[in-house]
Amino acid sequence: MKVAVVGATGLVGTVMLKVLEERNFPLTELIPVASEKSVGKLIKFKGKEYPIVSMDTAISLRPDIALFSAGGSTSLADAPRFAEVGTTVIDNSSAWRMDPSKKLVVPEVNAHVLTKEDKIIANPNCSTIQMVVALQPLHEKYHIRRVVVSTYQSVTGTGVKAVDQLMNERKGIDGPKAYPYEIDLNVLPHIDVFTDNGYTKEEMKMVKETNKIMGDENIKVTATTVRIPVMGGHSESVNVEFENDYELADVRRILEEAPGLIVVDDVANLKYPMPKDAHEKDEVFVGRLRRDESHPKALNMWIVADNLRKGAATNAVQIAEYLVDNKIV
């Protein structure tokens, strides 16, 4: 089992390597890939050193699986080249997510759609992933009509430059900026570029990706995505309107039994999910479960996950695990 990690030196690529090691993914050969300036440098994996190789070299080695986290333009250019030599690509960029010929997968929700013919598989947006993990088991029971979500997203979702900006601002250092404004002691209601309808691309990703992953175009979604000066994970305030009435105790039981979810909901003892608690965890955490008193069939909940792990690297590795376990690869 040969596995390539494309973008191995980036934030998500580094976490992909960590997750592959932690979960003891059954690879026999690792092929780390990065930009030309990194070729030849060594990275450690399971106590062994591997040289970083170029894209062309990696393709010539015909890996079984390629985990991509190198940006949309790289994915558009090079994912098909891997696919042509028989490699199954799991891509973390937005390049293929809304392509009708490509599957958009969160294993707890829709891994069953994958087949041997799927040579390029899209990994969804981080904020969408954690939300649908919590929504899917409730949708199966109560049928979701509408979702209103506001996100509180970590600077790690933007990348190293954003983390450096936050840390520099805290130290009073003037340095490169990832954002148009200061992020420390501030909140930016702006993630990705604005579109013609006044929403950002990040907000529209949550709308479109939710429908595609859950396989139901009738679920109405509206989103406001916000960048906040935290590390460790993304948080979401989610209001869900069901077609059918529900019992809060039943909602709790469904979420507690659902794969990939941990319920942390004990307000009497001030227990609820926070980014610090989700940091370096693979699960999605759910709390603040309460009935929406303005609507008889609506529920409020708070969802938190590590955006670099379940929101990116872990989800991609879990897709790879499913492919191997089901002999698709």
Side-chain angles (χ1 to χ4, degrees), residues 1-6 12-13 15-31 33 45-46 58-59 61-69 75 79-93 95-126 128-137 139-140 209-216 254 257-262 281-284 305 309-329:
M1 176 65 62
K2 290 196 284 190
V3 176
V5 176
V6 181
V12 174
V15 179
M16 281 178 171
L17 292 167
K18 190 176 181 182
V19 173
L20 285 167
E21 184 166 342
E22 286 176 0
R23 296 173 75 92
N24 203 26
F25 187 83
L27 63 85
T28 53
E29 185 179 342
L30 176 69
I31 306 168
V33 187
F45 181 78
K46 288 192 171 182
I59 293 167
L61 292 171
R62 296 175 176 258
D64 300 284
I65 293 171
L67 302 174
F68 262 67
S69 187
S75 295
R81 296 174 64 210
F82 275 95
E84 282 169 12
V85 299
T87 301
T88 299
V89 174
I90 302 167
D91 179 47
N92 194 55
S93 79
W96 305 99
R97 290 175 186 159
M98 296 316 298
D99 184 325
S101 69
K102 305 293 184 288
K103 307 289 174 56
L104 184 65
V105 175
V106 176
E108 295 91 338
V109 178
N110 67 334
H112 62 272
V113 302
L114 292 170
T115 68
K116 289 187 177 182
E117 283 68 51
D118 295 310
K119 288 301 178 186
I120 299 177
I121 301 163
N123 209 36
N125 186 48
C126 46
T128 307
I129 289 173
Q130 65 188 71
M131 184 172 74
V132 298
V133 170
L135 292 183
Q136 181 64 22
H139 183 54
E140 290 172 3
E209 291 180 21
T210 299
N211 292 146
K212 183 172 180 178
I213 297 162
M214 295 180 67
D216 192 338
I254 289 169
E257 293 175 358
L261 280 174
I262 294 177
K281 304 286 198 321
D282 289 331
E283 296 83 9
V284 175
R309 289 183 72 104
K310 183 53 183 171
T314 299
N315 198 74
V317 173
Q318 287 173 323
I319 293 171
E321 289 171 341
Y322 182 89
L323 296 175
V324 172
D325 291 346
N326 290 274
K327 297 181 171 55
I328 294 172
V329 168

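FYI, the numbering just counts along the sequence from 1.
Remark: K116 NZ is loosely packed, at most 12 non-hydrogen atoms of other residues, nucleotides or ligands lying under 6.0 Å away.
Heavy atoms only, all atoms of each residue included: A95 and D91 are closest at CB-OD2, 4.1 Å. Here the closest heavy-atom approach between residue A58 and residue P63 is recorded as O-CD, 3.2 Å. For the residue pair T87 and A66, the shortest heavy atom distance occurs at CG2-N, 3.6 Å. Contact record, P26 with M1: O-CB, 3.2 Å, taken as the closest heavy-atom pair. Closest heavy-atom contact between G13 and V5: O-CG1, 4.1 Å. E108 and G260 get closest at one heavy-atom pair: OE2-CA, 3.9 Å.
T88 contributes no side-chain N or O that, together with a main-chain N or O of I65, makes up a donor-acceptor pair within less than 3.5 Å. In terms of modelled atom types and a separation under 3.5 Å, the side chain of K103 and the main chain of T115 share no donor-acceptor contact. Judged purely by atom type and a 3.5 angstrom limit, K119 has no side-chain atom pairing as donor or acceptor with the backbone of A79. With hydrogens and angles ignored, the 3.5 Å screen pairs a side-chain donor or acceptor of D64 with a backbone N or O of K2. Remark: side-chain polar atoms of D325 are not paired, donor with acceptor, to backbone N or O of Y322 under 3.5 angstrom.
At least one side-chain heavy atom of K310 sits under 4.5 Å from a side-chain heavy atom of V106. You'll find the side chain of L20 stays beyond 4.5 Å of the side chain of K46, heavy atoms only. Side-chain contact check for I59 versus F82: some heavy-atom pair is nearer than 4.5 Å. A 4.5 Å side-chain heavy-atom check between K212 and M98 finds at least one atom pair inside the cut-off. Between F45 and L27, some side-chain heavy-atom pair lies under the 4.5 Å cut-off. No side-chain heavy atom of V89 sits less than 4.5 Å from a side-chain heavy atom of W96.
Rounded to the nearest 0.5 Å, atoms CG (N315) and CG (N125) are 11.0 Å apart. One finds the CG atom of D118 at 8.5 Å from the CG atom of L323 (value rounded to the nearest 0.5 Å). Atom CG in N123 sits 4.5 Å away from atom CD1 in I319 (nearest 0.5 Å). Once rounded to the nearest 0.5 Å, the distance linking CG of N110 with CD of Q136 reads 8.0 Å. Atom CG of N326 sits about 12.0 Å away from atom NE2 of H112, to the nearest 0.5 Å. Taken from CG in D99 to CG in L104, the straight-line distance is 10.5 Å, to the nearest 0.5 Å.
Salt bridge status for R23 with D282: present, with a side-chain N to carboxylate O gap under 4.0 Å.
Here the rule is side chain to side chain contact (heavy atoms under 4.5 Å, CB included) with V105, and of V113, I129, I213, I90 only V113 fits it.
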